[in-house]
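Down below is the structure, laid out as structure tokens.
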Amino acid sequence: MQLPPTTQAWTVRAYGGPEVLELQELPLRAPGPGEVLIEVRATTVSSGDRRVRALDLPAGFGVLGRFALGFRRPRRAVLGTELAGVVVAVGERCRQFGVGDAVIAFTGVRMGAHARHVVLPMGAIIVPKPERITFESAAALCFGGTTALHFLRRARLRAGERVLVVGACGTVGSAMIQIARQMGAEVTAVTGADKHDLARDLGAAVVIDAAGFDPAAQRPGYDVVADTYAGRFRQFAPLLAEHGRYLAIAAGLRDMFARPLGSRRSIAGMAAERIEDVVELAALARAGEFHPLVDSVFAFADLPGAHARVDAGCKRGSVVVSMAPSAGGSAHQ
Ligand SMILES: NC(=O)c1ccc[n+]([C@@H]2O[C@H](COP(=O)([O-])OP(=O)(O)OC[C@H]3O[C@@H](n4cnc5c(N)ncnc54)[C@H](OP(=O)(O)O)[C@@H]3O)[C@@H](O)[C@H]2O)c1
């Protein structure tokens, strides 16, 4: 197959709002030895992309963030942590995938998925796409799913335990409900009134309204509290049972070092990016036990619109960007 000489990618030229994004024509190179070239069919704009684009990091990470991400602008000009697509060329010594294979890739902190094509080494996180899910759904498998798996594994969640998910209908929260349920836990969700039915559909046994939610007024006894909104260990510790675990998924720097309170402890840090987790999520999706929640699907040409949707702070699951000619700006698919 003759490859086009260039491809299109959205690049970020400064920290700021969606207006800092620019659609550029970039050279497209053939995959080298041990590399694959993937034609992207769908990707997402995640809360991680928004944090990098806007340099809007959890409390305490300001200066550290510039060191890690770039001082004046993101060092990685093309954002995007996850994608689903089709392999269109393979380099020498690449036996794992062939031309025409539908795949999911988790580019994670290396980013680069907001492009029509990506070249990835075979060591990257690439797994076959389950046939039963669409490219749009497959693109939304990794960011929330791997975060939920990572934190639930660190919490050593056991069947029969009680889990409270706070911020339950975002990308991480919606994955957390489904995976905790799949692991045999009983899930209570805290979410807005317009999302109660959705939280139940995802697998929550009990739903608590987020409006006026006060941890101090709740009945204690949760084995795990998964907080996708902020780092609030001290506030939530009284809700935990003996040996309870608080998952500080959106923790600031101080929360990273929160000391245990008696037998109750906080778990924070960056979720690991492991191919085993994506294989597990794909298997769950194949078995119909994990459905990445899709908030909306935007056309690639309107990727800044997808960023604006994430900025609005009211999405349900993931904001997907599709290369399909028919895709376009629709919310709540
Ligand atoms: N530690 C890690 O490695 C890691 C990995 C991925 C993400 N994260 C972080 O985890 C957080 C969640 O990510 P995400 O992608 O799931 O984001 P998201 O889709 O935007 O979900 C965040 C959820 O927080 C809730 N929320 C929004 N405004 C709120 C408010 N004012 N008060 C209380 N709750 C509010 C909402 O829940 P409802 O819709 O249910 O009301 C919202 O869906 C982000 O801060 C992200 O940076 C961390």
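Quick note: residue numbers are just sequence positions, from 1. Ligands are counted one by one from 1 in listed order, and the atoms in each one are counted from 1 as well.
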In chain order, what residues pass the ring pair (Phe, Tyr, Trp, His ring centres under 6.0 Å) check against Phe71, with sequence neighbours excluded?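 Only Phe67 meet the ring pair (Phe, Tyr, Trp, His ring centres under 6.0 Å) criterion with Phe71.
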
Partners passing ring pair (Phe, Tyr, Trp, His ring centres under 6.0 Å) against Phe233 (at least two apart in sequence or in another chain):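 Phe233 satisfies ring pair (Phe, Tyr, Trp, His ring centres under 6.0 Å) with Tyr246 once adjacent residues are dropped.
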
Starting from the N and O atoms of ligand 1, find every protein N or O within less than 3.5 Å and list the pair with its distance.
unit_1: ligand 1; atom_1: 1 (N); unit_2: Ile249; atom_2: O; d: 3.0
unit_1: ligand 1; atom_1: 1 (N); unit_2: Gly269; atom_2: O; d: 3.0
unit_1: ligand 1; atom_1: 3 (O); unit_2: Ala271; atom_2: N; d: 2.7
unit_1: ligand 1; atom_1: 13 (O); unit_2: Ser47; atom_2: OG; d: 3.3
unit_1: ligand 1; atom_1: 15 (O); unit_2: Ser47; atom_2: OG; d: 2.7
unit_1: ligand 1; atom_1: 16 (O); unit_2: Thr171; atom_2: N; d: 3.2
unit_1: ligand 1; atom_1: 16 (O); unit_2: Val172; atom_2: N; d: 2.8
unit_1: ligand 1; atom_1: 19 (O); unit_2: Thr171; atom_2: N; d: 2.9
unit_1: ligand 1; atom_1: 19 (O); unit_2: Lys315; atom_2: NZ; d: 2.6
unit_1: ligand 1; atom_1: 31 (N); unit_2: Tyr229; atom_2: OH; d: 3.2
unit_1: ligand 1; atom_1: 39 (O); unit_2: Lys195; atom_2: NZ; d: 2.6
unit_1: ligand 1; atom_1: 40 (O); unit_2: Ala168; atom_2: N; d: 3.0
unit_1: ligand 1; atom_1: 40 (O); unit_2: Cys169; atom_2: N; d: 2.8
unit_1: ligand 1; atom_1: 40 (O); unit_2: Thr191; atom_2: OG1; d: 2.6
unit_1: ligand 1; atom_1: 41 (O); unit_2: Thr191; atom_2: OG1; d: 3.4
unit_1: ligand 1; atom_1: 41 (O); unit_2: Lys195; atom_2: NZ; d: 3.4
unit_1: ligand 1; atom_1: 43 (O); unit_2: Gly170; atom_2: N; d: 3.3
unit_1: ligand 1; atom_1: 45 (O); unit_2: Arg51; atom_2: NH2; d: 2.7
unit_1: ligand 1; atom_1: 47 (O); unit_2: Arg51; atom_2: NE; d: 2.7

Residue pairs fulfilling salt bridge (charged side-chain N to carboxylate O under 4.0 Å, His left out) with at least one residue in residues 27-47, sequence neighbours excluded: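 Residue pairs passing salt bridge (charged side-chain N to carboxylate O under 4.0 Å, His left out), neighbours aside: Arg29-Glu35, Glu39-Arg41.
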
Any ion pair linking Asp302 and Arg309 (charged N to carboxylate O, less than 4.0 Å)?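 Salt bridge: no.
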
Trace of the salt bridge (charged side-chain N to carboxylate O under 4.0 Å, His left out) decision for Glu186 with Arg181: CA-CA 6 Å; Glu186 185 197 291; Arg181 243 307 284 284; over 6 Å; no

Per the side chain to side chain contact (heavy atoms under 4.5 Å, CB included) rule, which among Val225, Val166, Val207 passes with Val190?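 When Val225, Val166, Val207 are each tested with Val190, the side chain to side chain contact (heavy atoms under 4.5 Å, CB included) holds only for Val166.
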
